[in-house]
Amino acid sequence: MKKILVAVTVLTAIHLAPVSAAERDVIERARLAFSEQLRLACSVNGEYGWIAEHAVYQYPLAGIDMTLRVEGRDAVANHLRETSEIEPATQVENIAYYPTLDRNIVFVQYDRVSHGESVERRPIVAIIEMRGDQIVKFTQLNGARETLQAVNAVSGAIR
């Protein structure tokens, strides 16, 4: 019985090791791409290598049964630049990544901190889907105020 228990333990450890490595891999890829997103990092030519060519960024709008959807690298880059100009004193803090059963998808949780007249902290949860080192799909699950500002930024209402 003891030999069977040892064998099962060894097989379980061998089986779980690749999963843990895969989880670490997708979290590291998402962490690098998301940090590039937060810095709006681009190449000298203005190319955003961390955004997939056909990327989709979407924000379900609670209460009005609508989703803001931005598609394509250039549109996503423009969208991110415009939304970063809305509240330039906004920072992202306390970033945590969580693996999923899909080896290319992670949950990211962070706090959006606005340093205006008063400090306002709002927790945000998003899903990041990766393809290699690029974000293919970013879905922010909450953050109503930021989402509405993003709608206005995309529509050109805020400058």
Side-chain angles (χ1 to χ4, degrees), residues 9 11-44 46-63 66-116 119-154:
T9 303
L11 287 175
T12 302
I14 290 171
H15 177 71
L16 291 178
V19 173
S20 297
E23 289 174 352
R24 283 191 303 272
D25 174 64
V26 70
I27 287 173
E28 182 61 17
R29 290 183 289 129
R31 187 190 65 75
L32 289 171
F34 190 60
S35 68
E36 296 289 294
Q37 173 180 319
L38 294 175
R39 292 185 311 113
L40 289 176
C42 63
S43 70
V44 175
E47 296 173 0
Y48 294 85
W50 47 270
I51 304 172
E53 184 177 343
H54 301 291
V56 173
Y57 275 55
Q58 57 188 6
Y59 309 85
L61 302 176
M66 184 179 129
T67 299
L68 167 65
R69 186 175 170 98
V70 182
E71 297 182 37
R73 179 182 289 146
D74 292 339
V76 167
N78 288 334
H79 161 71
L80 293 173
R81 274 194 305 270
E82 289 176 352
T83 55
S84 72
E85 293 172 4
I86 292 170
E87 290 186 42
T90 299
Q91 296 176 323
V92 172
E93 299 176 354
N94 302 323
I95 303 170
Y97 299 90
Y98 303 95
T100 67
L101 294 176
D102 187 313
R103 292 181 181 196
N104 288 308
I105 297 176
V106 298
F107 285 100
V108 61
Q109 180 180 1
Y110 53 94
D111 292 331
R112 184 180 304 269
V113 183
S114 301
H115 297 278
V119 175
E120 185 178 350
R121 180 179 300 271
R122 283 186 300 288
I124 304 292
V125 176
I127 302 169
I128 299 176
E129 182 178 342
M130 300 295 297
R131 182 180 310 129
D133 294 333
Q134 296 180 320
I135 296 175
V136 175
K137 192 174 197 180
F138 182 91
T139 304
Q140 182 177 302
L141 299 175
N142 65 339
R145 188 171 122 198
E146 292 81 5
T147 303
L148 292 175
Q149 289 174 331
V151 170
N152 288 333
V154 169

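Predicted model, so just to flag it, every value in this text is computed and none were measured.
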Count the heavy atoms belonging to other residues, nucleotides or ligands that lie under 6.0 Å from NE2 of H54, then report whether that count exceeds 12.
no
Take a 6.0 Å sphere around CZ of R81 and say whether it holds more than 12 heavy atoms from other residues, nucleotides or ligands.
yes
Ring pair (Phe, Tyr, Trp, His ring centres under 6.0 Å) against Y97, all qualifying residues, sequence neighbours excluded:
none
Nearest heavy-atom pair of [X] and [Y]: which atoms, and what distance?
X    : Y    : answer
P60  : T139 : CD-CG2, 4.1 Å
A126 : Q140 : CB-CA, 3.9 Å
V113 : E93  : CG2-OE1, 3.5 Å
A52  : R131 : CB-NH1, 4.2 Å
P99  : E23  : CB-CG, 3.6 Å
I135 : A33  : CG1-CB, 3.6 Å

Taking the side chain as every heavy atom from C-beta outward, state whether [X] and [Y] have any pair of such atoms under 4.5 Å apart.
X    : Y    : value
I95  : L38  : yes
Y110 : N94  : no
D133 : L32  : no
I51  : Q37  : no
V56  : R69  : yes
V106 : M130 : no

How long is the gap from [atom1] on [X] to [atom2] on [Y], to the nearest 0.5 Å?
X    : Y    : atom1 : atom2 : answer
I127 : Q58  : CD1   : CD    : 8.5 Å
D111 : T90  : CG    : OG1   : 12.5 Å
K137 : I105 : NZ    : CD1   : 8.0 Å

Under 3.5 Å donor-acceptor, N78 side chain and D74 backbone:
yes
Indicate yes or no for a side-chain donor-acceptor contact from R103 to the backbone of V26 under 3.5 Å, with no hydrogens or angles considered.
no
E36: side-chain contact (heavy atoms from CB on, under 4.5 Å) partners, not counting sequence neighbours
R39, A41, W50
Quick one: side-chain contact (heavy atoms from CB on, under 4.5 Å) partners of E53, sequence neighbours excluded?
R73
Classify the ring geometry of Y57 against H79: parallel below 30°, tilted from 30° to 60°, perpendicular beyond 60°.
perpendicular
